[in-house]
Amino acid sequence: MITITLPDGKALHLDAPMTLADIAGKISRDLAKKALAADVDGVAMDLTATLDKDAAVRFITPDTPEGLDIIRHSASHILAEAILQLFPGTKFAYGPAVEDGFYYDVDAPTVITAEDLPKIEKAMQKIVKANKPFVRHELTRAVAEAQYKNDEYKLDNIARAQGDVISFYTQGDFSDLCRGPHVPTAGKVGAVKVMSLAGAYWHGDASQKQLTRVYGTAFSTKEELDAHLKKLEEAKRRDHRVIGKQMDLFSTEPDVGPGLILWHPNGSMIRHEVEAFWKEEHIKRGYQILYTPHIASEAIYKRSGHLENYGDMMYSPMDIDGSPYRVKPMNCPGHILIYNSNVHSYRELPFRWCELGTVYRYEPSGTLHGMLRVRGFTQDDSHIFCTPEQVEDEINGVLDLMEHMMKTFGYKYKAFLATRPAKSIGTDAQWETATGALRAVLERRGMPYEVDEGGGVFYGPKIDIKLVDALGREWQGPTTQLDFNLPERFNVEYVGKDNERHKVVMIHRTVLGSMERFIGGLIEHFAGDFPLWLAPKQVRVLTVTDAAIAYGREVVEKLRRAGLRADLDDRGDKIGAKIREGELARVPVLLILGEKEKDTGEASVRRRLQGDLGSRKVDELVLELAQEVRERRLPNKN
RNA sequence: GCCAACUUGGCUCAGUGGUAGAGCAGUGCUUUCGUAAAGCACAGGUCCCGGGUUCGAAUCCCGGAGUUGGCUCCA
């Protein structure tokens with residue numbers, strides 16, 4: 001509810017959003033215009049546009065997501081005006097509001113560089129300050145086409161617009177084809193910031209011309225903008241690449257090659273714990289663990305169709321005794337050959353076979369990103385071979401396992417049901433039953449999901465889980481896919497009750513995605529403060545003076561015997577310095593030992609994110625910590 | 001792969017044409033101290049690589065590699 005005091009002193013109460021029709025019943029149109037003209041806090045947007053005609057007037061406040069979008073979309077027009085001032089002759093392709101701001105794709109006569117960004121930002125601020133109105137006008141298609149005959153982008157946009165009348169918005173010297181709505185005047189865009197430059201293809205098509213994309217963000221107030229920038233700063237501190245260096249978790253080395261992760265001892269320990277948990281949980285759920293070779297004769301990838309369909313992402317063949325071999329890009333063919341090494345009865349199914357399978361794929365150099373997008377990665381892969389009747393239960397089991405994993409790690413995720421793509425194999429009936437089965441399970445479990453229309457793989461539909469990184473970017477993580485292709489190509493069959501051979505249904509799935517991406521995400525999720533069971537170093541024992549060293553060794557020994565990863569800091573530094581180092585290394589438990597503790601068999605406990613917790617009997621503490629690890633407890637606070 | 005930027009000791013970063021710098025980390029010595037940095041000293045660099053311009057290049061130009069932000073594509 002917004003209350004506006006009108007120029008005549010009356011109060012006008014508005015619910016947002018609201019249409020002209022709504023107002024019409026309450027006040028005169030003339031009065032409405034006055035209300036809108038009055039610069040009342042909370043009054044929104046697109047006023048000039050709609051009062052000229054009889055379309056709906058919408059009152060949208062800046063503190064709603066819709067209002068923020070309008071502010072940002074208007075800011076993109078202001079960005080365009082600023083660029084036009086500084087780079088006359090620039091053509092403008094497309095400039096929408098996005099998640100955290102807005103951008104404009106431009107085709108400038110000279111290259112826009114990072115050094116230009118502050119200038120552009122200044123120009124934008126000037127435009128905002130000038131507070132000129134956004135004015136809507138309409139042209140017929142023919143007039144619009146004539147007016148923009150030299151601008152291929154606008155012509156294209158006009159061609160894509162619907163109807164015979166095309167709306168334009170003008171503020172200052174800049175006019176742009178646009179559906180609106182916009183803020184009434186540029187001043188309503190309170191605070192703008194030009195963020196960065198990037199390349200982007202026209203229509204997102206790599207074969208089209210590459211445009212310059214200028215990113216910015218806008219908020220209705222400077223305070224909100226500052227808060228947003230601060231959040232970005234904090235996100236940078238969570239970046240797994242930054243923490244990975246601080247905690248000495250992993251690296252890539254140019255001499256090894258880009259996108260190939262070297263797991264340092266600390267990172268390897270985290271991975272070891274994740275893998276141990278993963279194996280334990282799989283065995284509990286009736287899975288069997290497989291190992292298959294890292295290279296294989298090319299013949300298998302011809303048969304699987306990978307060479308044909310994924311040839312671009314496979315590494316070049318190597319010659320072994322005159323035959324071409326390939327590094328494996330997928331684990332499935334190996335698993336299938338294991339299946340096919342025997343005749344199987346329906347009585348044996350389902351087989352739940354899993355492998356922590358390392359695969360290598362050629363990912364374009366520009367797409368590599370820390371541990372989240374790499375060229376060699378270990379999938380927590382599994383292939384379930386089952387009968388059609390078993391599909392739903394098996395999918396359900398997979399989702400159950402996946403949810404259990406995510407819960408254990410305290411991870412939030414988003415589920416997507418990806419349906420049949422344009423290029424695909426299989427019959428309509430096959431796709432319908434398969435997609436239906438996936439949907440049914442999602443609904444049976446009450447899992448929220450979005451539909452990714454046409455996002456399936458050519459061989460079947462899938463359920464994708466996306467992990468979110470510190471900056472809110474989504475990364476494809478766990479996936480469950482039905483496959484109509486490989487059972488055909490490899491003749492993967494079982495003998496049914498009827499003594500006839502039937503094709504198995506094959507489910508590909510991961511519940512973490514890959515070790516690299518999952519652990520990279522985990523680093524950001526915990527900001528390096530891992531739960532005790534995952535922490536590479538769990539306990540560090542710090543001596544106050546040399547007199548406590550012998551006792552310290554004893555305590556470390558006790559911790560280690562209880563299975564805890566403990567070490568001793570017995571250097572001659574002051575205790576404050578040792579604590580500082582332990583905290584910076586993000587060791588979850590620091591035990592401080594001095595004369596006092598030595599005599600009583602205690603330790604002064606300091607826990608990460610909690611601080612000094614006072615003294616405890618060492619024997620009790622060791623049991624408690626071991627228990628916390630066994631339960632894979634999440635930290636209290638995160 | 002495409003567009004743009006960046007690359008200086010282990011790390012974070014100064015240094016814009018005239019003999020390579022700081023802090024932290026490391027090593028040695030001193031210090032034995034109670035909850036986030038003790039002191040002194042020492043050591044450490046093909047300024048990413050290759051070519052060019054120049055009397056002279058970390059610095060300017062060209063090519064390559066790697067990284068970063070996006071695009072396209074993907075676990």
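Quick note: numbers below take in every heavy atom, side chains included, and nothing from hydrogens, waters or symmetry partners. Predicted, not measured: the structure shown is a model, and the values here were computed from it.
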Rounding to an integer number of Å, can you tell me how far [X] [atom1] sits from [N] [atom2]?
{"X": "Asp464(A)", "N": "C74(B)", "atom1": "CG", "atom2": "C1'", "result": "10 Å"}
{"X": "Ile261(A)", "N": "G66(B)", "atom1": "CD1", "atom2": "P", "result": "14 Å"}
{"X": "Leu211(A)", "N": "C71(B)", "atom1": "CG", "atom2": "C1'", "result": "10 Å"}
{"X": "Asp312(A)", "N": "U72(B)", "atom1": "CG", "atom2": "C1'", "result": "13 Å"}
{"X": "Asp248(A)", "N": "C11(B)", "atom1": "CG", "atom2": "C1'", "result": "11 Å"}
{"X": "Asp105(A)", "N": "U72(B)", "atom1": "CG", "atom2": "C1'", "result": "13 Å"}
{"X": "Trp202(A)", "N": "G70(B)", "atom1": "CH2", "atom2": "P", "result": "22 Å"}
{"X": "Ile592(A)", "N": "C33(B)", "atom1": "CD1", "atom2": "C1'", "result": "13 Å"}

Has Lys245(A) got a side-chain N or O lying under 4.0 Å from the OP1 or OP2 atom of G10(B)?
-> no
Side-chain N,O (His369(A)) to OP1/OP2 (G69(B)) below 4.0 Å | yes
[atom1]-based separation of [M] from [N] [nearest Å]:
{"N": "C47(B)", "M": "G51(B)", "atom1": "P", "result": "13 Å"}
{"N": "U59(B)", "M": "U53(B)", "atom1": "C1'", "result": "13 Å"}
{"N": "G45(B)", "M": "C11(B)", "atom1": "C1'", "result": "14 Å"}
{"N": "U27(B)", "M": "G44(B)", "atom1": "P", "result": "16 Å"}
{"N": "C40(B)", "M": "A58(B)", "atom1": "P", "result": "34 Å"}
{"N": "G63(B)", "M": "G23(B)", "atom1": "P", "result": "39 Å"}
{"N": "G10(B)", "M": "U19(B)", "atom1": "C1'", "result": "26 Å"}
{"N": "G21(B)", "M": "U8(B)", "atom1": "C1'", "result": "10 Å"}

Among the candidates [options], find the nucleotide nearest to the side-chain atoms of [X].
{"X": "Val111(A)", "options": "A4(B), G34(B), A36(B)", "result": "A4(B)"}
{"X": "Asp573(A)", "options": "G66(B), A38(B), C11(B)", "result": "A38(B)"}
{"X": "Ala200(A)", "options": "A5(B), C71(B), C74(B)", "result": "C71(B)"}
{"X": "Ala198(A)", "options": "C33(B), A37(B), G70(B)", "result": "G70(B)"}
{"X": "Val544(A)", "options": "G34(B), G1(B), C74(B)", "result": "G34(B)"}
{"X": "Pro258(A)", "options": "U72(B), G66(B), U12(B)", "result": "G66(B)"}
{"X": "Arg213(A)", "options": "G70(B), A36(B), G34(B)", "result": "G70(B)"}

Got a donor-acceptor pair under 3.5 Å from the side chain of [X] to the base of [N]?
{"X": "Tyr201(A)", "N": "G1(B)", "result": "yes"}
{"X": "Glu597(A)", "N": "G34(B)", "result": "yes"}
{"X": "Arg361(A)", "N": "C73(B)", "result": "no"}

By nearest-heavy-atom nucleotide on RNA chain B, the more 5' of Pro478(A) and Pro364(A) is Pro364(A)
Nearest nucleotide by nearest heavy atom, which residue falls closer to the 5' end of RNA chain B, Arg375(A) or Thr545(A)?
-> Arg375(A)
Whom does [N] pair with, Watson-Crick or G-U wobble, provided both distances fall under 3.5 Å?
{"N": "G45(B)", "result": "none"}
{"N": "A57(B)", "result": "none"}
{"N": "U31(B)", "result": "none"}
{"N": "C6(B)", "result": "G66(B)"}
{"N": "A36(B)", "result": "none"}
{"N": "G23(B)", "result": "C11(B)"}

How would you label the contact of [X] with the nucleic acid (heavy atoms, under 4.0 Å): base, sugar-phosphate, or nothing?
{"X": "Glu516(A)", "value": "nothing"}
{"X": "Ser365(A)", "value": "base"}
{"X": "Tyr362(A)", "value": "sugar-phosphate"}
{"X": "Leu542(A)", "value": "nothing"}
{"X": "Lys578(A)", "value": "nothing"}
{"X": "Thr367(A)", "value": "base"}
{"X": "Arg607(A)", "value": "nothing"}
{"X": "Gly594(A)", "value": "base"}
{"X": "Ala206(A)", "value": "sugar-phosphate"}
{"X": "Gly370(A)", "value": "sugar-phosphate"}
{"X": "Ile575(A)", "value": "sugar-phosphate"}
{"X": "Ala114(A)", "value": "nothing"}
{"X": "Gly366(A)", "value": "base"}
{"X": "Val359(A)", "value": "nothing"}

Report yes if the distance between the aromatic ring centroids of Tyr215(A) and Tyr103(A) is under 6.0 Å, otherwise no.
-> yes
Tyr153(A) ring center near Trp202(A) ring center (under 6.0 Å) = yes
Atom CG of Asp599(A): over 12 foreign heavy atoms under 6.0 Å = yes
Report, as yes or no, whether the 6.0 Å neighbourhood of atom NZ on Lys617(A) holds more than 12 heavy atoms from other residues, nucleotides or ligands.
-> yes
Does the plane of the ring in [X] sit parallel, tilted or perpendicular to the ring in [Y]? Use 30° and 60° as the thresholds.
{"X": "Phe409(A)", "Y": "Phe277(A)", "result": "perpendicular"}
{"X": "Tyr310(A)", "Y": "His306(A)", "result": "tilted"}
{"X": "Phe219(A)", "Y": "His228(A)", "result": "tilted"}

Shortest non-hydrogen contact from Lys154(A) toward Phe92(A) | NZ-O, 3.0 Å
Answer yes or no: is there an ion pair linking Arg271(A) with Glu516(A), defined by an N-O contact shorter than 4.0 Å?
-> yes
Could you check Phe518(A) against His525(A) for ring pair (Phe, Tyr, Trp, His ring centres under 6.0 Å), going step by step and ending with a plain yes or no?
-> CA-CA 10 Å; Phe518(A) 186 74; His525(A) 172 65; 9.1 Å; no
